[in-house]
Undergrad: 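So that we are looking at the same thing, I have put the structure below in structure tokens.
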Amino acid sequence: MRKVHYFYNPHTLDYERIYFSWRHRLGTVFRHLFVGLMIGMVVFLCSIYLFASPREAQLRKENLLLQTQFDILSRKMDESFLVLKDLQERDDKLYRIIYQAEPIPTSVRESGFGGIDRYETLMNMPNSQLLVSTAKKMDQLSKQLYVQSNSYDEIFHLAKNQDERLKCIPSIQPITNKDLMRISSGFGYRIDPIYGTSSFHTGMDFKAEVGTDIYATGNGTVVSSFWRQGYGNCVVINHGYGYETLYAHCHQIYTQIGREVVRGQVIASVGNTGKSTGPHLHYEVRVKGIPDNPAKYYFMDLSPEEYDKMFEIAENHGQVMD
Ligand SMILES: [Zn+2]
């Protein structure tokens, strides 16, 4: 029902009706409308601030879920790193040693990807720290797996050629020595038979009569066959894979430079040439140019018991014939 307004007229002592103008009425309407709008806006802003819309609530939930999934992924990658580390250690300390390959340097295994801008796009995203650290971890893991995979390829190649390798690596005694009585002196510091001073004996001496056969101890190629100061008549065989053997003080040499020889082939005879105190063979095994203890290279010739005995003789016997 429409409201009717009156006012009290003291002159007529009566209530008289008020008729508002259209302007006054319009003003009232706009005033009410303005107040209503202001209240509505305040309520709207408060509700936005205090209460999330269903869409926002859904997005927040999804965001939380994604963060949890990233955390789980990160933990799984940490576990994968541990497994990979174990593989790397076994590779360096076992497989590569068996096939005499150098361990892979840590700098190669742990080298990262180049370029500082690699993660720039991620840096501008929300939760950038989480994204960048996860991406970095993923990159490291894939790089290390790639290096490890290459290493296994190399080991596989070495294993495939193992037959050939076993034929070449020195692994018998250079003269017939079943009872081990011909070993005169082993590898290491010994008293020099001529000067009487302590010096490093770089090979193993076998005493034998002049003319006794000397065998190539592994397949290879003769790279040196002539008289050398100190060594007298000597033969050097390159076996490949970093191995060389030297046979010194020979009486006669039955081979020449460039000839291929096989294990057990007679290449020379025992003599007393060069710096020598009696007929004997001075035998050296060199690995990548460095003399190694020849006693470690008779594994195809001796039983484990004989091997122990030979090692003992070679260690304790001090009579160097040079
Ligand atoms: Zn010697």
Side-chain angles (χ1 to χ4, degrees), residues 169-218 220 222-239 242-255 261 263-299 301-302 306-322:
I169 292 174
S171 52
I172 60 168
Q173 295 184 90
I175 62 172
T176 306
N177 186 28
K178 271 286 161 209
D179 54 5
L180 304 174
M181 296 308 287
R182 283 178 156 163
I183 295 169
S184 172
S185 177
F187 180 85
Y189 279 98
R190 299 286 189 276
I191 302 294
D192 189 291
I194 301 201
Y195 305 117
T197 53
S198 175
S199 62
F200 199 86
H201 189 229
T202 51
M204 204 160 170
D205 289 343
F206 294 86
K207 55 185 179 215
E209 304 76 42
V210 171
T212 306
D213 287 340
I214 297 174
Y215 311 118
T217 54
V222 176
V223 289
S224 176
S225 161
F226 46 76
W227 196 90
R228 272 204 217 176
Q229 183 72 34
Y231 285 128
N233 288 327
C234 71
V235 179
V236 177
I237 298 173
N238 184 348
H239 301 276
Y243 290 94
E244 271 187 353
T245 49
L246 176 143
Y247 311 78
H249 312 299
C250 303
H251 178 61
Q252 274 188 298
I253 293 174
Y254 306 130
T255 187
V261 293
R263 178 178 293 139
Q265 181 178 332
V266 177
I267 50 166
S269 64
V270 172
N272 192 22
T273 55
K275 185 185 159 210
S276 170
T277 55
H280 80 286
L281 165 68
H282 171 92
Y283 173 62
E284 286 186 17
V285 175
R286 293 173 181 170
V287 183
K288 292 178 183 163
I290 298 165
D292 198 5
N293 190 348
K296 286 156 56 181
Y297 298 90
Y298 303 141
F299 48 86
D301 213 11
L302 304 174
E306 288 170 330
Y307 188 85
D308 285 347
K309 193 177 163 196
M310 176 276 303
F311 221 90
E312 201 181 323
I313 295 171
E315 283 302 300
N316 296 332
H317 224 291
Q319 195 193 338
V320 175
M321 303 181 83
D322 225 329

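Every number for a ligand or one of its atoms is a count from 1 in the order of the listing.
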Undergrad: Of all N, O or S atoms in D205, which has the smallest distance to the Zn ion (ligand 1)?
TA: OD1

Undergrad: To the nearest 0.5 Å, tell me how far F206 CZ sits from N177 CG.
TA: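 Reported value, rounded in 0.5 Å steps: 6.0 Å.
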
Undergrad: Hey, which of T217, T245, D205 is the one that makes side chain to side chain donor-acceptor pair (under 3.5 Å) with Y283?
TA: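 Among T217, T245, D205, the one meeting side chain to side chain donor-acceptor pair (under 3.5 Å) with Y283 is T217.
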
Undergrad: Specify which N/O/S atom of H282 comes nearest to the Zn ion (ligand 1), by atom name.
TA: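 Of all N, O or S atoms in H282, the Zn ion (ligand 1) lies closest to ND1.
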
Undergrad: Is any N, O or S atom of H280 under 2.8 Å away from the Zn ion (ligand 1)?
TA: no

Undergrad: Could you tell me the separation between the CD atom of Q252 and the CG atom of N233, rounded to the nearest 0.5 Å?
TA: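 CG of N233 is found 9.0 Å from CD of Q252.
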
Undergrad: Measuring only between side-chain heavy atoms, which start at C-beta, is H282 closer than 4.5 Å to T202?
TA: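 Yes; the side chains approach each other to less than 4.5 Å.
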
